[in-house]
Amino acid sequence: MSLSKIPQVVLKSSSNQCMMPVIALGTAADTNESSAETTKVAVIEAIKLGYTHFDTASVYGSEEALGEAIAEALQLGLIKSREELFITSKLWLTHNFPHLVLPALHKSLQRLKLEYLDLYLIHWPISVQPGDWQPPYSEEVITTFDLKGVWTAMEECQKLGLAKSIGVSNFTCKKLEDLLSFATIPPSVNQVEMNPAWHQKKLREFCEAKGIIITAFSPLGAKGASWGSNEVMDSEILKKIAQAHGRTIAQVSLRWLYEQGVSIAVKSYNKERMKQNLEIFDWSLTRDDHEKINHINQIRVNNGPVVFFANLWDGET
């Protein structure tokens, strides 16, 4: 598949109206399943297949391997310059403080061996006291999240050119409303869990009205992950739709997301599946398919990195 065939979306509040490829290769590892070498090899393979958008985070432990893969891809001539790639990373909870945002971004850039990120996100709207705590975090280490102070520091990252665009992850409509009430630079992106078994309809409509692009993580329900679900990949409804189109369940799920107008971060290091995950742009789902998908049982599987985090969602959409 040629690079030109991966559609891109404009990030409206980015520097110079950045274009973001709608599919990113995710690099989050559940426990230690992915070694640095595995990640590096997968990223190089993905670049050969046509991926240009890579999604990482300081907490994933994959920034260094991604940086090495980018350097090697340049050396091998797979890409002519770093500008051909779109790199997203995220600020972790222990750095969710106004004075720690810039140092955290510098650390990420150092690990990636890059001069700037294309997109930098607040990973969760929660602050955890700095320390070597392991998630899920207990209530004792949770502290006040200064959204205004942290966002001002994020805006500074964009103004300095260290991030071409800034955004958030795991933000509800209410959290976004709070943020939009004072933001000088609105968030370009909100990365949230979304798939045929978790539609996020209200949040999707809110973000669309505000010009915020949604990126769907766990687009296949994170089957196999410690916190994942089989609702998507074992769905009889999706299986029948896939058979009718001569496609895989994964392709149907990704195509459905694309037709909802969202971008996608999908994780697979299997060469064949990485290739299949890009083959979703030259066919369409029918109205009948959409009707059927609307009837899939809805379940959110990622309740966050905090022991009591599920309670924070109650009454907040």
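Position 1 is the first residue of the sequence; numbering continues from there.
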Please answer whether the main-chain N or O of [Y] pairs with a side-chain N or O of [X] as donor and acceptor at a distance below 3.5 Å.
{"X": "Asn96", "Y": "Ile126", "answer": "yes"}
{"X": "Lys267", "Y": "Ala28", "answer": "yes"}
{"X": "Ser169", "Y": "Gln191", "answer": "yes"}
{"X": "Gln200", "Y": "Ala216", "answer": "no"}

Measure across [X] and [Y] and return the closest heavy-atom pair with its distance rounded to 0.1 Å.
{"X": "Ser13", "Y": "Ile185", "value": "O-CG2, 3.5 Å"}
{"X": "Ile296", "Y": "Ala197", "value": "CG2-CA, 4.1 Å"}
{"X": "Ile280", "Y": "Gln251", "value": "CG2-O, 3.8 Å"}
{"X": "Leu238", "Y": "Val232", "value": "CD1-O, 3.4 Å"}
{"X": "Lys175", "Y": "Leu147", "value": "O-CD2, 4.1 Å"}
{"X": "Pro219", "Y": "Leu254", "value": "CB-CD2, 3.8 Å"}

Say you draw a straight line from [atom1] of [X] to [atom2] of [Y]; how long is it, rounded to the nearest 0.5 Å?
{"X": "Leu114", "Y": "Glu63", "atom1": "CG", "atom2": "CD", "answer": "9.5 Å"}
{"X": "Lys275", "Y": "Asn270", "atom1": "NZ", "atom2": "CG", "answer": "12.0 Å"}
{"X": "Glu272", "Y": "Thr248", "atom1": "CD", "atom2": "OG1", "answer": "10.0 Å"}
{"X": "Leu25", "Y": "Ser268", "atom1": "CG", "atom2": "OG", "answer": "8.0 Å"}

Self-check item: Working for side-chain contact (heavy atoms from CB on, under 4.5 Å), residues His95 and Val101
Solution: CA-CA 6 Å; His95 296 109; Val101 174; over 6 Å; no
Quiz item: Among all residues two or more places apart in sequence or in another chain, which pass the side chain to side chain donor-acceptor pair (under 3.5 Å) test with Gln260?
Solution: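 So Gln260 forms a side chain to side chain donor-acceptor pair (under 3.5 Å) with Arg204.
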Do [X] and [Y] have side-chain N/O donor and acceptor atoms under 3.5 Å apart?
{"X": "Thr88", "Y": "His53", "result": "yes"}
{"X": "Glu37", "Y": "Ser35", "result": "no"}
{"X": "Glu231", "Y": "Asn195", "result": "no"}
{"X": "Thr39", "Y": "Thr27", "result": "no"}
{"X": "Thr286", "Y": "Asp289", "result": "yes"}
{"X": "Ser165", "Y": "Ser14", "result": "no"}
{"X": "Ser108", "Y": "Ser58", "result": "no"}
{"X": "Lys164", "Y": "Tyr120", "result": "no"}
{"X": "Ser62", "Y": "Thr56", "result": "yes"}

Self-check item: Derivation and outcome, side-chain contact (heavy atoms from CB on, under 4.5 Å), residues Tyr269 and Val43
Solution: CA-CA 8 Å; Tyr269 285 177; Val43 169; 5.5 Å; no
Taking the side chain as everything from C-beta on, heavy atoms only, tell me whether [X] gets closer than 4.5 Å to [Y].
{"X": "Met19", "Y": "Val9", "answer": "no"}
{"X": "Leu93", "Y": "Ser127", "answer": "no"}
{"X": "Leu203", "Y": "Ile214", "answer": "yes"}
{"X": "Val262", "Y": "Met194", "answer": "yes"}
{"X": "Ser188", "Y": "Ile213", "answer": "no"}
{"X": "Phe86", "Y": "Leu11", "answer": "yes"}
{"X": "Asn277", "Y": "Ile264", "answer": "no"}
{"X": "Pro130", "Y": "Leu100", "answer": "yes"}

Practice problem: Specify whether His199 and Trp256 have parallel, tilted or perpendicular ring planes, treating 30° as the upper limit for parallel and 60° as the lower limit for perpendicular. | Solution: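 His199 vs Trp256 ring planes: tilted.
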Practice problem: Classify the angle between the aromatic ring planes of Tyr137 and Trp92 as parallel (below 30°), tilted (30 to 60°) or perpendicular (above 60°). | Solution: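 Tilted, since the angle between the ring planes falls between 30° and 60°.
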If you look only at distance, which donor and acceptor atoms sit under 3.5 Å apart when one is on a side chain in residues 67-75 and the other is two or more places apart or in another chain?
residue : atom : partner : partner atom : Å
Glu72   : OE1  : Lys40   : NZ           : 3.1

Surrounding [atom1] of [X] (heavy atoms of other residues, nucleotides or ligands, distance under 6.0 Å), is the total greater than 12?
{"X": "Lys159", "atom1": "NZ", "answer": "yes"}
{"X": "Gln17", "atom1": "CD", "answer": "yes"}
{"X": "Glu115", "atom1": "CD", "answer": "no"}
{"X": "Asp288", "atom1": "CG", "answer": "yes"}
{"X": "Lys113", "atom1": "NZ", "answer": "yes"}

Single-linkage hydrophobic cluster, 4.5 Å side-chain cutoff, [X] and [Y] together:
{"X": "Phe97", "Y": "Ile122", "result": "no"}
{"X": "Val10", "Y": "Ile166", "result": "no"}
{"X": "Leu91", "Y": "Tyr116", "result": "no"}
{"X": "Val41", "Y": "Phe54", "result": "no"}

Residues [X], [Y]: salt bridge by 4.0 Å N-O rule:
{"X": "Lys80", "Y": "Glu84", "value": "no"}
{"X": "Glu45", "Y": "Lys271", "value": "yes"}
{"X": "Arg287", "Y": "Glu291", "value": "no"}
{"X": "Asp234", "Y": "Lys239", "value": "no"}

Exercise. Under the salt bridge (Lys or Arg N to Asp or Glu O under 4.0 Å) rule, what do Lys5 and Asp282 come out as? Steps first, then yes or no, please.
Key: CA-CA 9 Å; Lys5 288 196 182 159; Asp282 56 355; over 6 Å; no
Self-check item: Residue pair Val192, Trp198: steps toward the side-chain contact (heavy atoms from CB on, under 4.5 Å) verdict
Solution: CA-CA 10 Å; Val192 295; Trp198 192 241; over 6 Å; no
Quiz prompt | Derivation of the side-chain contact (heavy atoms from CB on, under 4.5 Å) call for Leu119 and Val189 | solution = CA-CA 9 Å; Leu119 178 61; Val189 167; 3.8 Å; yes
Quiz prompt | Worked verdict on Glu193 versus Asn170 for side chain to side chain donor-acceptor pair (under 3.5 Å) | solution = CA-CA 8 Å; Glu193 179 186 344; Asn170 301 297; over 6 Å; no
Quiz item: Taking only residues two or more places apart in sequence, or in another chain, which ones meet Ser284 in a side-chain contact (heavy atoms from CB on, under 4.5 Å)?
Solution: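 For Ser284 the side-chain contact (heavy atoms from CB on, under 4.5 Å) partners, ignoring immediate neighbours, are Arg255, Glu259.
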Quiz item: Are Lys202 and Phe206 in a cation-pi setup, meaning NZ or CZ lies under 6.0 angstrom from the ring centre and within 45 degrees of the ring axis?
Solution: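 That pair does not qualify as a cation-pi contact.
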Practice problem: Assess the pair Phe281 and Tyr258: is the distance between their ring centroids shorter than 6.0 Å? | Solution: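 Between Phe281 and Tyr258, the centre distance is under 6.0 Å.
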Self-check item: His123 ring center within less than 6.0 Å of Phe171 ring center
Solution: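 No: the rings miss the under 6.0 Å criterion.
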